[in-house]
Chemist: 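Quick one: the structure is below, questions incoming.
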Number of protein chains: 2
Amino acid sequence: MTIDDVARRAGVSRTSVSRALLGQNKVSDQTRSRVRQAAEELGYVPSVAASTLASGRGDTLGLLLRDAANPAYGLLFTELQRYGREAGRQVVSMTVTTDEHGRGQVAALHHLVGLRVAGLVVATGGLSTEQLLPFAGILPIVRAGRPEESGLLHAVSYDERGGGAEVARAIHAHGHRRVAVLVTDADVSYPEWVRGTAIVETLRALGVDVDELAVRRHFEGATEVCDLARQRRVSAVACPSDMRALQVLRVARSQGLRVPDDLSVTGFDGILPGADLIGLATYRIPVEEVASAAIRTLLEVVNGAEGVHQLQMSGRFVEAPSLDRPVPAPT
Amino acid sequence: MTIDDVARRAGVSRTSVSRALLGQNKVSDQTRSRVRQAAEELGYVPSVAASTLASGRGDTLGLLLRDAANPAYGLLFTELQRYGREAGRQVVSMTVTTDEHGRGQVAALHHLVGLRVAGLVVATGGLSTEQLLPFAGILPIVRAGRPEESGLLHAVSYDERGGGAEVARAIHAHGHRRVAVLVTDADVSYPEWVRGTAIVETLRALGVDVDELAVRRHFEGATEVCDLARQRRVSAVACPSDMRALQVLRVARSQGLRVPDDLSVTGFDGILPGADLIGLATYRIPVEEVASAAIRTLLEVVNGAEGVHQLQMSGRFVEAPSLDRPVPAPT
DNA sequence: CTGAAAGCGCTTACAG
DNA sequence: CTGAAAGCGCTTACAG
């Protein structure tokens with residue numbers, strides 16, 4: 001089933017079929033309608049491969065994503081698709097689970113580049129600037145959800161530092177003076193690393209006593225934090241993601257520790273459906289804005305805009321019962 | 001940057017480059033290594049379009065998905081990708097948000113078919129059997145997450161009926177005799193419709209008094225249910241999804257209704273991170289099993305298996321405090 | 001083991 | 001407005 005079958009059935013040339021189906025206006029109405037009907041009757045689906053090859057350019061946008069099982073990435077994914085579609089582009093995606101270090105990520109990147117997409121949004125921290133750079137010459141690439149400190153690639157990211165500082169100020173404003181902070185390495189999760197670091201720095205600048213706990217897997221550190229709370233060594237804990245905060249809440253509950261009376265808890269992300277029911281105070285990251293700006297930036301670059309585009313979007317802190325310890329009255 | 005550039009640099013023919021890069025063993029080791037080096041130095045990425053066209057077959061698997069912002073679909077997406085990758089296939093996906101009725105879904109389907117993928121997993125209820133059927137002749141299609149009653153398409157689905165019955169039995173076992181059930185139309189959400197219907201039927205068969213509440217949007221019905229509870233007309237409500245259950249919990253809380261004392265609540269899905277903290281009793285659908293079986297089925301069909309494959313996977317009910325009303329002691 | 005050549009299914013100057 | 005022909009970047013018989 002090729003374009004020639006349609007041409008034969010419509011009684012016109014292959015050229016006319018192509019033009020009619022592409023919606024070009026160099027075809028008579030009669031030809032157009034005959035072609036459409038023939039294509040319809042035959043159930044003809046043009047080969048994107050052949051079309052891309054012949055025209056020399058794809059009009060599809062590519063998306064490279066991190067594991068969508070994480071609600072924050074799932075939402076980012078959906079929003080990127082939505083904005084791409086709104087701009088009249090088809091969007092194809094590939095996901096890389098976090099455990100496939102390096103190899104899988106690069107393979108997926110290659111595949112997307114091989115597909116000759118018009119442009120690419122990369123929403124996984126798993127690929128370094130160095131790994132991306134060689135491809136940036138071939139096609140427009142915008143990194144989403146993580147800043148590009150190199151200044152060499154377009155990037156639309158969350159203001160993780162600002163968010164971390166805001167979380168710290170909220171904790172301080174609620175009267176906490178001894179606080180535990182879960183901190184990851186940059187290679188575990190770049191955003192969590194920035195958040196944790198910013199929280200620690202800001203708290204210290206505010207004169208708060210900080211206990212840094214180095215963690216990796218999402219369930220680590222919760223027990224230690226609860227121990228500290230029971231010993232009254234800290235009255236609050238700041239977690240660099242909601243998932244980690246949930247784990248703290250779980251352990252606290254299982255140990256009979258009251259939240260926020262014995263231990264206040266803050267998270268980071270704010271995407272989890274039902275977080276309001278849990279009463280988790282958190283920082284809501286602006287996923288929709290990042291997705292929208294990433295697509296907008298990509299399209300500008302695809303359409304020939306100059307220079308390197310870098311944007312950061314801010315979210316907002318969400319107060320909730322898990323951080324409800326009253327501010328001590330001034331004496 | 002084409003295969004000819006690599007050939008020139010390696011000092012061999014285009015044919016040899018192709019063979020070397022495809023990993024065929026009709027090439028000398030010397031040629032192979034020279035080609036690899038040349039390709040590496042040049043940063044050559046083969047055109048998937050050209051390759052697909054020339055070889056006549058793609059080896060990529062396609063995925064058509066519903067909105068990944070829903071955790072259940074997000075997880076399904078991730079797992080499908082994972083199993084596909086484990087089988088050595090690249091997997092490309094397209095998402096359709098629920099609001100794009102018809103047009104967007106079909107456009108995405110066309111694009112994926114146009115990409116000439118080797119096979120396709122369709123994980124959205126938005127496309128009817130009739131819309132899918134014409135393409136099933138062109139390439140293998142497996143529907144995931146929803147049964148194909150037509151018996152014409154391969155399908156791997158959740159046993160929604162069995163799950164609904166299990167929820168109903170649990171509610172009955174906890175002593176409830178007057179129960180509200182939120183029920184949707186099939187066109188709002190097919191799975192929710194099956195679940196709701198099964199819950200109602202099973203409860204009635206058990207002699208339970210059922211109040212059916214027709215709902216559409218996810219926030220509908222919660223207020224009505226709470227009113228019924230306050231009037232002691234029902235002691236429990238069964239929701240066909242966790243999202244709906246969360247909304248009931250929200251309204252109940254805002255009205256000062258105690259859960260489960262005044263109103264027991266059950267959900268359906270069991271995917272939500274943190275649902276354990278909310279204490280929601282629910283039915284955990286077997287997402288991982290469905291994803292695994294869908295990919296397995298697709299690969300079998302791609303490899304020439306005969307017949308129509310249809311599978312259903314069962315999950316399990318998860319007891320939790322939201323359904324903790326004690327069973328009345330036998331007298 | 002190697003390469004010249006045909007061909008995959010389209011698009012697009014070009015000539016009419 | 002229409003069509004014959006060249007060409008996009010690969011793969012794969014075929015002949016050597």
Side-chain angles (χ1 to χ4, degrees), chain A residues 1-36 38-39 42-60 90 110-118 135 138-139, chain B residues 1-36 38-39 42-60 90 110-118 135 138-139:
Chain A
M1 165 62 45
T2 75
I3 197 173
D4 287 317
D5 298 307
V6 180
R8 208 167 301 124
R9 176 147 192 149
V12 299
S13 74
R14 181 199 310 177
T15 308
S16 291
V17 174
S18 177
R19 287 202 265 250
L21 260 23
L22 288 175
Q24 296 174 177
N25 49 10
K26 310 166 192 163
V27 203
S28 72
D29 287 349
Q30 196 201 148
T31 300
R32 190 191 315 282
S33 66
R34 278 167 56 181
V35 167
R36 290 221 172 122
L42 259 28
Y44 170 67
V45 180
S47 163
V48 175
S51 148
T52 301
L53 190 57
S55 69
R57 52 177 162 58
D59 61 339
T60 304
Q90 292 290 355
H110 263 252
H111 194 82
L112 244 14
V113 173
L115 240 23
R116 298 293 187 260
V117 292
F135 301 100
I138 307 180
L139 83 179
Chain B
M1 167 60 46
T2 76
I3 197 173
D4 287 317
D5 299 306
V6 180
R8 209 167 302 123
R9 174 145 194 151
V12 298
S13 76
R14 183 199 307 178
T15 309
S16 292
V17 174
S18 178
R19 288 202 265 250
L21 260 23
L22 288 176
Q24 295 176 179
N25 49 9
K26 309 168 194 163
V27 204
S28 71
D29 287 349
Q30 196 200 148
T31 300
R32 190 191 316 282
S33 66
R34 276 166 58 181
V35 167
R36 289 220 172 122
L42 260 28
Y44 170 66
V45 181
S47 162
V48 175
S51 149
T52 301
L53 188 58
S55 71
R57 52 177 162 58
D59 61 339
T60 303
Q90 293 289 353
H110 263 251
H111 194 83
L112 244 14
V113 174
L115 239 23
R116 299 293 187 259
V117 292
F135 301 99
I138 306 180
L139 83 178

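Computed over heavy atoms, backbone and side chain alike; hydrogens, waters and symmetry mates excluded.
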Chemist: Categorize A/S55 for me: base, sugar-phosphate, or nothing, with a 4.0 angstrom heavy-atom threshold over every strand shown.
Modeler: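 Touches sugar-phosphate only.
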Chemist: Between A/T31 and A/A50, which has a closest nucleotide on DNA chain D that is more 5'?
Modeler: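 Checking each residue's closest nucleotide, the 5'-ward one belongs to A/T31.
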Chemist: Does some side-chain heavy atom of B/L21 sit less than 4.5 Å from a side-chain heavy atom of B/V35?
Modeler: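 The answer is yes; the side chains approach within 4.5 Å.
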Chemist: With a non-hydrogen cut-off below 4.0 angstrom, is B/Q30 in contact with a base, only sugar-phosphate, or nothing?
Modeler: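 No contact.
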Chemist: Mind listing the side-chain donor-acceptor pairs of residues 7-20 of chain B below 3.5 Å, one per line with the distance, residues two or more places apart or on another chain?
Modeler:
| residue | atom | partner | partner atom | Å |
| --- | --- | --- | --- | --- |
| B/R8 | NH1 | B/D5 | OD1 | 3.3 |
| B/R9 | NE | B/E41 | OE1 | 2.8 |
| B/R9 | NH2 | B/E41 | OE1 | 2.7 |
| B/S13 | OG | B/T15 | N | 3.3 |
| B/S13 | OG | B/S16 | N | 3.2 |
| B/R14 | NE | B/D4 | OD1 | 3.1 |

Chemist: Measure from the side-chain N and O atoms of B/S51 to the backbone N and O of B/S47, and report whether any donor-acceptor pair falls under 3.5 Å.
Modeler: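 Judged by distance alone, no pair lies under 3.5 Å.
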Chemist: Would you call A/M1 and A/L42 a side-chain contact if the rule is heavy atoms closer than 4.5 Å?
Modeler: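 With C-beta onward as the side chain, the pair touches.
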Chemist: Could you walk me through whether B/R32 and B/D29 pass the side chain to side chain contact (heavy atoms under 4.5 Å, CB included) check?
Modeler: CA-CA 5 Å; B/R32 190 191 316 282; B/D29 287 349; 4.2 Å; yes
Chemist: With a 4.0 Å cut-off on heavy atoms, is B/N25 in touch with a base, just the backbone sugar-phosphate, or nothing at all?
Modeler: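 Counting heavy atoms under 4.0 Å across all strands, the contact made by B/N25 is with sugar-phosphate only.
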Chemist: Both A/I3 and B/R14 contact DNA chain C. Which one's nearest nucleotide lies toward the 5' end?
Modeler: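 Checking each residue's closest nucleotide, the 5'-ward one belongs to B/R14.
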Chemist: Please walk me through it: do A/V48 and B/R116 pass side chain to side chain contact (heavy atoms under 4.5 Å, CB included)?
Modeler: CA-CA 8 Å; A/V48 175; B/R116 299 293 187 259; over 6 Å; no
Chemist: Using the heavy-atom set of chain A and a strict 4.0 Å cut-off, write down the first and last nucleotide of DNA chain C that makes it in, 5' to 3'.
Modeler: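 Both ends considered, the range comes out as C/dG9 to C/dA13.
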Chemist: For the C1' atoms, the ones on D/dT12 and on D/dG16, what distance do you get once it is rounded to whole angstrom?
Modeler: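 My reading of the C1' atoms in D/dT12 and D/dG16 gives 16 Å.
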Chemist: Can you list the stems that DNA chain C is part of, where a stem is at least 3 pairs in a row, each Watson-Crick or G-U, with both distances below 3.5 Å?
Modeler: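 The stems are C:1-3 with D:14-16, C:5-12 with D:5-12, C:14-16 with D:1-3.
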Chemist: Remember a base hit wins even if backbone is also touched, and classify B/S16 as base, sugar-phosphate or nothing at under 4.0 Å, heavy atoms.
Modeler: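 It contacts sugar-phosphate atoms only.
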Chemist: Could you check if a side-chain atom of A/L139 sits within less than 4.5 angstrom of a side-chain atom of A/V117, using non-hydrogen atoms only?
Modeler: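 Yes - at least one pair of side-chain heavy atoms lies under 4.5 Å apart.
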Chemist: Checking all strands, does B/T52 fall into the base, sugar-phosphate, or nothing category for heavy-atom contacts under 4.0 angstrom?
Modeler: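 Answer is nothing: B/T52 stays at 4.0 Å or more from every strand.
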Chemist: Closest-nucleotide mapping onto DNA chain C: is B/T15 or B/A54 further toward the 5' terminus? I mean the 5' end.
Modeler: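 With B/T15 and B/A54 compared, the 5'-side residue is B/T15.
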Chemist: If you take all heavy atoms of B/G43 and A/I138, which pair is closest and at what distance?
Modeler: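 Smallest heavy-atom distance, with atoms named: O-CD1, 4.4 Å.
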Chemist: Any side-chain heavy atom of A/Q90 within less than 4.5 Å of one from A/D59?
Modeler: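 Side chain of A/Q90 against side chain of A/D59, heavy atoms only: no contact under 4.5 Å found.
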